[in-house]
Amino acid sequence: MTSRAKPAICLMLGWVALLWLLEGVDVATGGSLDTFGIQPREPAELVDVVPAAFLHFGFGHLAANTLPLLLLGFLAALRSGVHRLLAVVLLIILASGLGVWFTAAPDSNTAGASGVVFGLFGYLLVRGFIERKLLDIGIGLAVGVLYGSILWGALPTDSGISWQGHLFGLIGGVLAAFAFRERPRSALTGAGVGPVT
């Protein structure tokens, strides 16, 4: 696990630095990157599903996502490894973005890393139970205690917040915990028995 700490830290610091750089460019150019947000049910907007997760509507929006993204992303990378985390995040981004594209209010524009935050929360929350690892169950419970209140953000309680992105990000994180779980090696693996053809 300690061998994963440095890559996990580097990945998350680099990721957050990229988000702040992009927001700096957006502000400096009068919001020119905001056009890469997701506008629902427009076929041409499907290409914005991924970039929208890296853009924000102002530094306040970005600041609200920075600490949970750093912490949850670091924990996920530390326990899963950087390569598996990247696959997990891609699934979360697609689930969150496509969920927004299908269900968001007409004429809305959605962007931000909060779908990823909700997805990582869901991933860490259930991963230990799926893989039956005591340490990861403990991490999931701690994450639940620390960030459990964010679940209100997955409900349609505030018209100014993309609860759709949050909800589908959360679902994507849970799906990722199943899709990318560590599978135990077969009893035949490594026992000198070749594949059956």
Side-chain angles (χ1 to χ4, degrees), residues 7-8 10-23 25-26 33-58 61-105 108-127 130 140 143 147 150-151 153-156 161-181:
C10 291
L11 172 66
M12 294 315 302
L13 289 177
W15 185 351
V16 167
L18 173 63
L19 298 185
W20 282 84
L21 175 63
L22 288 171
E23 189 54 32
V25 169
D26 187 48
L33 299 183
D34 292 347
T35 60
F36 293 98
I38 302 167
Q39 297 176 23
R41 294 169 296 284
E42 295 286 341
E45 290 294 307
L46 286 170
V47 297
D48 292 335
V49 162
V50 173
F54 295 86
L55 304 171
H56 291 81
F57 299 125
H61 183 204
L62 174 54
N65 285 329
T66 294
L67 184 58
L69 181 63
L70 269 174
L71 178 61
L72 298 176
F74 171 73
L75 286 173
L78 187 65
R79 295 302 299 150
S80 301
V82 166
H83 290 100
R84 188 154 50 134
L85 173 67
L86 293 175
V88 165
V89 168
L90 179 58
L91 194 156
I92 291 168
I93 288 173
L94 292 175
S96 177
L98 290 172
V100 166
W101 188 85
F102 276 109
T103 66
S108 61
N109 188 22
T110 303
S114 56
V116 175
V117 169
F118 275 74
L120 291 173
F121 171 81
Y123 175 74
L124 290 168
L125 196 64
V126 303
R127 179 178 178 269
I130 292 168
V143 164
Y147 283 111
I150 71 169
L151 289 173
L155 299 174
I161 294 175
S162 175
W163 63 269
Q164 297 95 334
H166 297 170
L167 176 62
F168 286 100
L170 181 66
I171 292 169
V174 172
L175 291 176
F178 282 97
F180 300 110
R181 66 188 179 276

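Since we're looking at a predicted model, the values are computed, not measured.
Among pairs with a residue in residues 92-102, none fulfils side-chain hydrogen bond (donor to acceptor under 3.5 Å, both in side chains), at least two apart in sequence or across chains.
Scanning both residues, Ser108 and Pro40, for their nearest heavy atoms gives O-CD, 3.4 Å. Closest non-hydrogen pair, Ala52 versus Ile38, comes out as CB-CG1, 3.6 Å. Of all the heavy atoms in Leu125 and Gly140, the pair that sits closest is CD1-O, 3.3 Å. In terms of heavy-atom proximity, Thr110 sits nearest to Ser162 at CG2-OG, 3.5 Å. The minimum heavy-atom distance linking Leu78 with Ala8 is given by the pair N-CB, 4.0 Å. Of all non-hydrogen atoms in Ile92 and Gly172, the two that sit nearest each other are CG1-C, 3.9 Å.
In this structure, OG1 in Thr103 is found 4.5 Å from CD in Gln164, a value given to the nearest 0.5 Å. Remark: Leu86 CG to Ser80 OG distance equals 11.0 Å, nearest 0.5 Å.
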Check: Between Tyr123 and Leu85, is a side-chain contact (heavy atoms from CB on, under 4.5 Å) present by the stated rule, with each step listed?
Finding: CA-CA 10 Å; Tyr123 175 74; Leu85 173 67; 5.6 Å; no

- Should Phe168 and Val100 be marked as a side-chain contact (heavy atoms from CB on, under 4.5 Å) after you check the CA-CA gap, both sets of side-chain angles, and the distance that decides it? CA-CA 8 Å; Phe168 286 100; Val100 166; 6.0 Å; no

I would like to know whether Leu55 and Asp26 meet side-chain contact (heavy atoms from CB on, under 4.5 Å); could you show each step before the answer? CA-CA 8 Å; Leu55 304 171; Asp26 187 48; 6.0 Å; no

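Checked against ring pair (Phe, Tyr, Trp, His ring centres under 6.0 Å), Phe118 has the following partners two or more places apart in sequence or in another chain: His166. Considering only residues two or more places apart in sequence or on other chains, Arg84 meets the salt bridge (charged side-chain N to carboxylate O under 4.0 Å, His left out) condition with Glu131, Glu182. Residues that satisfy the side chain to side chain contact (heavy atoms under 4.5 Å, CB included) test with Leu175, not counting sequence neighbours, are Leu91, Ile171.
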For residues 62-77, dump all side-chain donor-acceptor pairs below 3.5 Å to protein atoms at least two apart in sequence or in another chain.
{"from": "Asn65", "atom 1": "ND2", "to": "His56", "atom 2": "NE2", "distance (Å)": "3.1"}
{"from": "Thr66", "atom 1": "OG1", "to": "Trp20", "atom 2": "NE1", "distance (Å)": "3.1"}
{"from": "Thr66", "atom 1": "OG1", "to": "Leu62", "atom 2": "O", "distance (Å)": "2.8"}

Side-chain atoms of residues 42-50: list all donor-acceptor pairs with protein atoms under 3.5 Å, sequence neighbours left out, distances to 0.1 Å.
{"from": "Glu45", "atom 1": "OE1", "to": "Gln39", "atom 2": "N", "distance (Å)": "3.2"}

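Between Leu22 and Phe36 the shortest side-chain heavy-atom distance does not fall below 4.5 Å.
Using a distance-only test at 3.5 Å, with no hydrogens or angles considered, a donor-acceptor pair links the side chain of Asn109 to the main chain of Asp34. With hydrogens and angles ignored, the 3.5 Å screen pairs no side-chain donor or acceptor of Arg127 with any backbone N or O of Leu124.
With a 6.0 Å radius and a threshold of 12 heavy atoms from other residues, nucleotides or ligands, Phe54 has its CZ atom above the threshold.
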